[in-house]
K.L.:
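Got a structure here, written out as structure tokens. Questions coming.
In this text, all values refer to a predicted model and were calculated from it rather than measured experimentally. Whatever order the structure lists them in is the order used to number ligands and atoms, beginning at 1.
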Amino acid sequence: MVLPWHETSRQWVPRSQRDNTGNGEVVTERVVLAYSGGLDTSVAIGWIARETGAEVIACAVDVGQDGEDLDVIRKRALACGAVEAEVADARDEFADGYCLPALKADALYMDRYPLVSALSRPVIVKHLADAARKHNAGIVAHGCTGKGNDQVRFEVGIGALAPDLRCIAPVRDYAMTRDKAIEFAEENNIPIDVTKKSPYSIDQNVWGRAVETGFLEDIWNGPIEDVYAYTSDPGADQQAEEVIISFDRGTPVAIDGRSVTMLEAIVELNRRAGAHGIGRIDLVEDRLVGIKSREVYEAPGAMALIAAHQELINVTAERELARFAGGVRQRWSELVYDGLWFSPLRRALDGCIEEVNAHATGDIRMTLHGGRAVVTGRRSDESLYDFNLATYDTGYTFDQSLAKGFVDLWGLPTKLSARRDLEKNG
Ligand code: ARG
């Protein structure tokens, strides 16, 4: 028999187990579980109850994963033995509070991955912490393994928002392997179809989709078409399509002249850029835990928005600021990838990123075709591009006579060191 954890380790007896009523009454511990509605977290409800003796509250967060109806998920959690089930529509919150800062930073981990899963964890964590407070739970549980980044993001996030909560992960901490989970589901009549299991491990939200495992673990194997769900085959014959995205200080505010919210902008571009196979990424990436892993992503809306936004920054940001922003962008992406969304450094970098975006107001025109979103035009009242300075036609205002002295002084250190080396080496 497995003892409830509070009997095996007094040190971890949570507040609610000791006496949170003030009158000596002992209350059953409660666990809030990050619930997806899939096999693993459905089994985890019963598994956690068995391992810990606690009551399980399932908490599902909609970040635009576009799957089943939230009410179906809620009912399944209850049918699987949850004492309560919370479902939260966090789509706008995710788009405005997490995807938008990533867009303003043009955040791409290892220059390629738009942080799809990494961005969703902090918003899920926020809802888990709120649910724990609401239901007087002392523990938060998640379905991650011990090999990935997501365990770090969940637990470091909980530590930042609710340091008094404890975290558990049944797959990692209570040896809930896939085979045992299927066995448990069958033995306990858990209402979930275990045969429906996809060969891949998939995580998706409105910012994109991440697919790993299965035959993709051999990094010589190319992804096949059925790995993808957000994008069509970029090689398939398609008419090129034009789109104009308007930004206000880095925030997309209109597409082809129609105003949009951040969420609407992503959804529309997922559809339109996705139809041209834009935003497919096949990456062997460095996980925080030290492993290199192969992940296939598709993020059509995110990649189209980033391409447009980057271009607007190119024409509106002063040169030194734009150059410095490159380092900020990389550091920001690494912090968020590494589970440090709730960190003072991320907030500090956001301050710099706001400055970079201060003049990013205007329109970007792009052609969507054959897997690529190509910028073909830019227009901004705050552009630093000066036609009269740049033109080679007669009438330019750039004073070329200034260049001669500039070039001499700019090259002076090179000349001095070259002369020294020549004298020394002959
Ligand atoms: N490797 C990506 C990351 O750490 C995605 C992980 C998401 N999980 C998955 N089952 N594909 O952000």
Side-chain angles (χ1 to χ4, degrees), residues 34-44 60-61 63-67 94 98-99 101-102 105 107-125 142-157 169-172 176-178 181 196-219 221 223-224 226-231 279-300 302-303 306 330-343 346:
Y35 185 63
S36 71
L39 170 70
D40 297 296
T41 53
S42 294
V43 169
V61 184
V63 281
Q65 56 269 52
D66 241 5
F94 177 54
Y98 302 81
C99 303
L108 295 170
Y109 178 66
M110 294 176 76
D111 291 329
R112 288 167 67 198
Y113 165 43
L115 296 169
V116 172
S117 305
L119 287 169
S120 74
R121 302 315 176 202
V123 69
I124 295 171
V125 160
H142 59 77
C144 306
T145 72
K147 290 174 76 174
N149 300 311
D150 286 329
Q151 56 174 340
V152 182
R153 297 168 185 152
F154 276 118
E155 297 185 24
V156 174
V171 177
R172 182 192 65 192
M176 195 188 97
T177 59
R178 172 55 51 84
K196 259 195 171 163
K197 201 59 220 162
S198 139
Y200 310 114
S201 163
I202 299 167
D203 183 50
Q204 65 188 49
N205 59 56
V206 74
W207 199 237
R209 190 164 170 273
V211 186
E212 62 180 340
T213 73
F215 82 105
L216 295 170
E217 280 175 355
D218 179 342
I219 62 175
N221 284 340
I224 48 172
D226 71 67
V227 163
Y228 300 106
Y230 284 14
T231 52
R280 290 185 173 187
I281 301 144
D282 177 354
L283 178 66
V284 176
E285 75 191 28
D286 281 307
R287 284 192 191 164
L288 179 59
V289 295
I291 301 170
K292 282 193 192 289
S293 76
R294 202 270 189 97
E295 195 100 36
V296 173
Y297 300 104
E298 44 182 351
M303 295 309 282
I306 290 173
Q330 187 186 337
R331 199 68 196 89
W332 195 98
S333 306
E334 287 166 356
L335 276 179
V336 172
Y337 184 87
D338 290 346
L340 299 178
W341 174 270
F342 301 102
S343 68
R346 208 257 317 156

K.L.:
Is the distance between the ring centroids of Tyr98 and Trp341 under 6.0 Å?
P.N.:
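Distance test on ring centres: under 6.0 Å, yes.
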K.L.:
For atom 11 (N) of ligand 1, what is the nearest protein heavy atom, given as residue, atom name and distance?
P.N.:
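Of every protein heavy atom, Glu295 OE2, 2.6 Å lies nearest to atom 11 (N) of ligand 1.
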K.L.:
At less than 4.0 angstrom from any non-hydrogen atom of Ser117, what atoms of ligand 1 do you find?
P.N.:
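Here the atoms of ligand 1 in question are 5 (C), 6 (C), 7 (C), 12 (O).
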K.L.:
Checking a contact table here: which protein heavy atom is nearest atom 9 (C) of ligand 1, and how many Å away?
P.N.:
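Protein heavy atom with the smallest distance to atom 9 (C) of ligand 1: Glu212 OE2, 3.2 Å.
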K.L.:
Does Tyr113 reach ligand 1, in the sense of a heavy atom lying below 4.0 Å from it?
P.N.:
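Yes; Tyr113 lies near enough to ligand 1 that a heavy-atom distance drops under 4.0 Å.
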K.L.:
Which atoms of ligand 1 have any heavy atom of Ser201 under 4.0 Å away?
P.N.:
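Near Ser201, the atoms of ligand 1 are 9 (C), 10 (N), 11 (N).
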K.L.:
Residue-level breakdown please: for Asp150 versus ligand 1, do any non-hydrogen atoms fall below 4.0 Å on the side chain, on the backbone, on both, or on neither?
P.N.:
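Looking at Asp150 and ligand 1, just side chain atoms fall under 4.0 Å.
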K.L.:
Considering only heavy atoms of Glu285, which atoms of ligand 1 have at least one such atom less than 4.0 Å away?
P.N.:
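Counting from 1, the qualifying ligand atoms are 1 (N), 2 (C), 3 (C), 4 (O).
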K.L.:
Cation-pi check for Tyr337 against Arg153: NZ or CZ below 6.0 Å from the six-membered ring centre and within 45 degrees of the axis, yes or no?
P.N.:
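Flagged: Arg153 positioned over aromatic ring of Tyr337.
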K.L.:
For Ile291, I'd like to know if atom CD1 has over 12 heavy atoms of other residues, nucleotides or ligands within 6.0 Å.
P.N.:
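Yes, CD1 of Ile291 has more than 12 neighbouring heavy atoms, counting only those of other groups under 6.0 Å.
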K.L.:
Atoms of ligand 1 less than 4.0 Å from Asp203 heavy atoms?
P.N.:
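Under 4.0 Å from Asp203, ligand 1 has these atoms: 7 (C), 8 (N), 9 (C).
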K.L.:
Say whether, by atom type as modelled, one donor and one acceptor occur between the side chain of Asn205 and the main chain of Val116 under 3.5 angstrom.
P.N.:
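Checking the backbone N and O of Val116 against the side chain of Asn205, a donor-acceptor pair under 3.5 Å is found.
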K.L.:
Identify, for atom 2 (C) of ligand 1, the protein heavy atom at the shortest distance, and state residue, atom and that distance.
P.N.:
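Result: Tyr297 OH, 3.1 Å.
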K.L.:
Under 4.0 Å from a heavy atom of Arg153: which atoms of ligand 1 are those, numbered in the order shown and with their elements?
P.N.:
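The list of qualifying atoms is 3 (C), 4 (O), 12 (O).
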K.L.:
Heavy-atom contact check, 4.0 Å cutoff: does Thr213 meet ligand 1?
P.N.:
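No heavy atom of Thr213 comes that close to ligand 1.
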K.L.:
So, taking the atom named CG in Leu283 and the one named CG in Leu108, what distance separates them when rounded to the nearest 0.5 Å?
P.N.:
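The CG atom of Leu108 is 10.5 Å from CG of Leu283, to the nearest 0.5 Å.
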K.L.:
Show me which atoms of ligand 1 lie under 4.0 Å from any heavy atom of Asn149.
P.N.:
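Contacts of ligand 1 toward Asn149, numbered from 1: 3 (C), 4 (O).
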K.L.:
Roughly how far apart are Glu295 CD and Arg209 CZ, rounded to 0.5 Å?
P.N.:
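Rounded to the nearest 0.5 Å, the CD-CZ separation comes out at 11.0 Å.
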K.L.:
Taking all heavy atoms of Arg287 and all of Lys147, pick out the closest pair and write down the distance.
P.N.:
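Scanning both residues completely, I find the closest heavy atoms to be NH1-O, 3.0 Å.
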K.L.:
Please find the pair of heavy atoms, one from Gln65 and one from Val61, that lie closest to each other, and give the distance.
P.N.:
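Scanning both residues completely, I find the closest heavy atoms to be NE2-O, 3.0 Å.
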